Each structure stands twice: as structure tokens, then as C-alpha cells.
Amino acid sequence: MKVRVRLAPSPTGNLHIGTARTALFNWLFARKNNGSFLLRIEDTDKGRSKNEYTQNIFEGLQWLGLDWDDDPIIQSSRIEKHKDVITQLLKKGLAYRCYTTEKELEIMREKQLQAGEAPRYDNRHRNLPKEKEAEFITEGRSSVIRFRIEETSSVTWNDMVRGQMYWENKDLGGDMVISRRAPSNQIGDPLYNLVVVIDDAEMNITHVIRGEDHIANTAKQILLYEALGLQKPIFAHTPLILNTEGKKLSKRDGVTSISDFREMGYTPKAMTNYMTLLGWSPPEQMGEIFTLNEAATAFDFNRVNKAGAKFDWDKLKWLNAQDIHSWSSEQLLNNLNVVWSKEGWELPAKAWGLKLADLIGPSLTLLKDGLDQSRVFFEKPALQEDALKQLSLDGAKEGLKSIYDLLEENPWDGNDNTFAKNLVNISSKTLDIKKGVIMKSLRAALLGSLQGPDLISSWALLAMMKKDKDRIKDCL
Ligand code: GLU
């Protein structure tokens, strides 16, 4: 059996980390088994689906490196097929029209709650006499279509993550709505639990891998597979991603979409590495840092945990820093340049960019940190309080003046660091000012603050751009 899995996102929001993790597990399983990873955009909720979200989902998956096979299926293009299946179910008596109004449903729910029962549809229109139905139609009542769920039976399946699963049909909420409310001579829009079954079967999906919040849906879907005589896939329900309090991760935790993580400066390698660890334990010899392809070679569902996976920002940041620190100068420059360009900063020369990348690279955790840390090299900084204080100390200005005069005679091209060190030494000796005072004052003048990366390397970057002399001059 050739493995065929799919991601079936609804384009009602940007690609969420939970969906991305589901995509990742599907991708890993497909690649491990030389199978296909397919994409189906479930856009049947017309009110909430948007094209821009579909684009965001495509872009997010591409950015993560989760490439899919074949063209994506757009679910809404298959609506006629879905409606045909509903017609068949109606003809076979496996589904029926239910004319219960919203008001009546509400009263039913109220009564059940008062009696301490779980809310469910009481199947009241399951065997509606013809005359009663005609009456409802004359009244102008609209109807939904419901699929019959036999209460006395149960559903079982062997889940790849959770093992043997068992659901009593009576706990499925009564006969299931499979199409939205519509005038009673029409079939309303078909709903998720039905269309997912029709489409998965049509796409020959062998394994359905999705979040455990779909477990109750799976029970319902299995009943539909059986009623329609379709081949059932194997199911795997992956653990949810939880926040530090153990609750389902939500927007309130500051974690939303993959594009947000990208914006924040996380790298695709760190993201996929981290998401793989969210719910999967790698074999010991693999360690915690690995590429997508390495994970794909080792991935299997025996190592997927049942318990929810807690989201750990520190771990993600650590992986991100590891990834950035492993890059070549060239790779780092290319990535930083994207961040810089967004800020409107132009790279004056590649050699300069490489030098800056080498200077700040080791201290970066997020790519975005590269913005703040590069700012002083692109824009003249305002002098911070610590810098002003430094410049007011005895010897500070004299030291700077001496450096300035030496540069006037013989400017530095930023290439040989000993040249700059000599300027400091000469000034210190001739004026009898401590080297430390001159260095700190230079730092204040050149970088606007006493914090920052190595002074001489920073100075070299400014010297290459012929910006050092002016900054010193402005502090004299
Ligand atoms: N459209 C559904 C969702 O986004 C698909 C779930 C499934 O994989 O069946 O939750």
C-alpha cells in the first residue's frame, strides 16, 4: 500500500502552529514511507474563508520546507459531488430532512440541560409521517439534512497514536447534520464531517493524521465511511500543543501563525526542528538538533506521545540560536539583508556586510535581533546617557581630539585593526591619558552608548564607510 496522507486546512485564518505541526507529522510520515503528501483547502465555509489565508497557508508551508505533491484540491470545487452523495443517502433512507427550527432546538437543549443531560438532538424528525412533512413545507419551514446514527451501536478503531479507541454511538449527539439549513426543496451546503469523508476517499488517503480535537469527528466519520461503503483510512490523533499552564495554546499565549514566527525572526529549520519535538521523541542517538530530512528518516508513530505537548519558548529560542550560529557568514548575511532591506537599509558593499554579520552573528538568538544590533552601523545614533557621561570625564575629549587629528592626517580604511589600535596607543602615550578612557570615549562617540560589540571591529565597519571621523568630530 502506497502511503497517501493529506493536510486539509480551512482557510479561515493564517497558518497556525497547530496546523503546521499536523502538516509536519503528515510530511514526515509520507517522506519516511516514500508516500505522497497532499493538500486540500477546505474552503466550504464561504463566510469565513479568504483567499489571502489560502496564500498564507501555501507560503507558510513552503517557507517551512513542507513541500506537497500534486496540485492542491480546492474543496468548494467539488460541491456537486458532495450534494450527489447526500441525495444518495436520502434515497437510501440513511439520511433525512429535519425541519426542527432553531427555536425548537434551543428549547430542547434547555430542557436537557435542566435535566442534567448532555445536549443532543432527540431524532424527533427521523420518521416523520408524509403528512407532517407536507405541513412543515407548506408552513415554509427550511430544513437541514441529518445522517442516521444508530444509538445502540458503537465505533472502534485502532489509532496509530492512542491505540484502541471506542465510542458509543449514543454519545455522538444524535443524528448528525450533514448539510446546512436551506429551503426544503434544496440541499444546503454540505458540512465538514461528510465532505471530509467523500474527499479523503476520492483522494485515496490511506492515513488521516490530525489533532486529537478531531477524535469525536473521527467516530462520526467512520459511520459515514461504513454507510457509503468506502474504504476507511488508518487514523492517528496527535497530541495538542499546550501553553505553560497546560491549556490549549491560543492567541493569548502570543503564539499564532507561522508568518508571525517568521516575522519574529525564527528560522524555518528551528521551527520544524522544534515542532517535531512537540509530541515526538527522537531516538536517543539522534540528539535534539536535526534537519527535516534527518527527522523523516527516523520518524514513526510509536514515538509520538499521547500526552499534550507543552510549548517552551526557551527551547525554541535555543534551537533558533543554534541554527543561526551554524550558518556561514554568507548565509547569515543573506538572511540579515532581508531584515535590513525591510528597514530601508541598503548594503553598501558585500565585504562590509560580511564583516558586520561576523561581528553580530554570535550574539543573535532571533534574526530580528540583527536589526537592533546593526542599527548604529546604518544610522547615526543619538548619544545615550552613559555615553554623555563618559564624554564629560577628564581626558575624554582630548583623547578623541587626538584620534581625530591623526585620522585627518591619515584616514583609516577599516582593514588592518592594528592601525586603529596604534592610534589609541599613540594618543594615550602622548597625552598621558589611560587607554581605557580613550577606548570608552571612542565607543561613546562611535556607537552612542557604552554597550555593544567589539570596539575596534565596530570602528572598522564605520571606517570602511568613512563615517568614523564625523561621529568623533561631533563629540569634540
Ligand atoms: N478542515 C479541518 C480543520 O482544519 C480538517 C481536519 C481534518 O484534518 O480532517 O480542522
Side-chain angles (χ1 to χ4, degrees), residues 3-30 35-58 60-61 66 68 72-79 82 155 157 159-162 165 167 172 176-180 189-225 228 230-241 248-251 256-258 275 279 301 304:
V3 163
R4 286 172 67 86
V5 295
R6 64 11 172 220
L7 180 76
S10 306
T12 52
N14 287 339
L15 178 64
H16 189 272
I17 182 156
T19 313
R21 207 271 309 253
T22 301
L24 175 61
F25 280 16
N26 274 283
W27 186 93
L28 291 170
F29 186 71
S36 302
F37 169 57
L38 307 166
L39 202 54
R40 182 175 70 237
I41 299 296
E42 300 210 320
D43 60 341
T44 49
D45 185 343
K46 293 189 200 106
R48 292 171 58 223
S49 297
K50 286 202 178 126
N51 224 347
E52 65 191 78
Y53 295 139
T54 304
Q55 287 315 316
N56 181 279
I57 292 166
F58 289 158
L61 292 172
L66 304 177
W68 58 90
I73 305 272
I74 307 297
Q75 190 161 58
S76 58
S77 69
R78 297 180 32 77
I79 190 162
H82 303 145
V155 186
W157 74 92
D159 195 282
M160 281 202 289
V161 177
R162 310 179 70 83
M165 302 292 286
W167 269 82
L172 290 174
M176 170 188 11
V177 181
I178 53 173
S179 77
R180 265 185 225 288
D189 286 341
L191 290 174
Y192 165 71
N193 273 318
L194 176 74
V195 293
V196 74
V197 167
I198 301 171
D199 289 354
D200 281 342
E202 177 105 2
M203 288 165 75
N204 294 315
I205 297 302
T206 55
H207 298 75
V208 167
I209 302 163
R210 59 187 172 202
E212 69 175 41
D213 44 340
H214 282 289
I215 289 179
N217 286 330
T218 296
K220 293 177 184 170
Q221 289 167 22
I222 286 177
L223 294 175
L224 282 161
Y225 275 103
L228 295 167
L230 297 170
Q231 171 79 34
K232 274 176 274 182
I234 294 168
F235 292 93
H237 290 93
T238 55
L240 296 182
I241 306 178
K248 193 177 162 183
L249 197 71
S250 75
K251 281 197 176 169
T256 49
S257 61
I258 293 300
M275 289 194 293
F301 274 95
V304 173

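Numbering of residues begins at 1 and proceeds along the displayed sequence. The structure presented is a predicted model; accordingly, all values stated were derived computationally and were not measured. Order of listing sets the numbers, starting from 1, for every ligand and every atom in it.
Proximity annotation for atom 2 (C) of ligand 1: of Gln75, Arg6, Glu42, Arg40, Glu42 comes nearest, heavy atoms only.
Side-chain N/O atoms of Thr218 and Arg210 include a donor and acceptor closer than 3.5 Å. Under the 3.5 Å distance criterion, with hydrogens and angles disregarded, a donor-acceptor pair is assigned to the side chains of Gln221 and Asn193. Looking only at atom types and distance, the side chain of Asn26 has no donor-acceptor partner in the side chain of His207 under 3.5 Å away.
Considering only non-hydrogen protein atoms, atom 7 (C) of ligand 1 sits nearest to Tyr192 OH, 3.3 Å. Atom 5 (C) of ligand 1 has as its closest protein heavy atom Ala8 O, 3.1 Å. The closest protein non-hydrogen atom to atom 10 (O) of ligand 1 is His214 NE2, 3.1 Å.
The atoms of ligand 1 that sit less than 4.0 Å from any heavy atom of Val196 are 9 (O). Each of the atoms 1 (N), 2 (C), 3 (C), 4 (O) of ligand 1 lies under 4.0 Å from some heavy atom of Ser10. Less than 4.0 angstrom separates some heavy atom of Arg210 from each of these atoms of ligand 1: 7 (C), 8 (O), 9 (O).
Phe235 and Tyr225 have perpendicular rings, their planes meeting at more than 60° on a 0 to 90° scale where under 30° would count as parallel.
The environment of CD in Gln231 is sparse: at most 12 heavy-atom neighbours from other residues, nucleotides or ligands sit within 6.0 Å.
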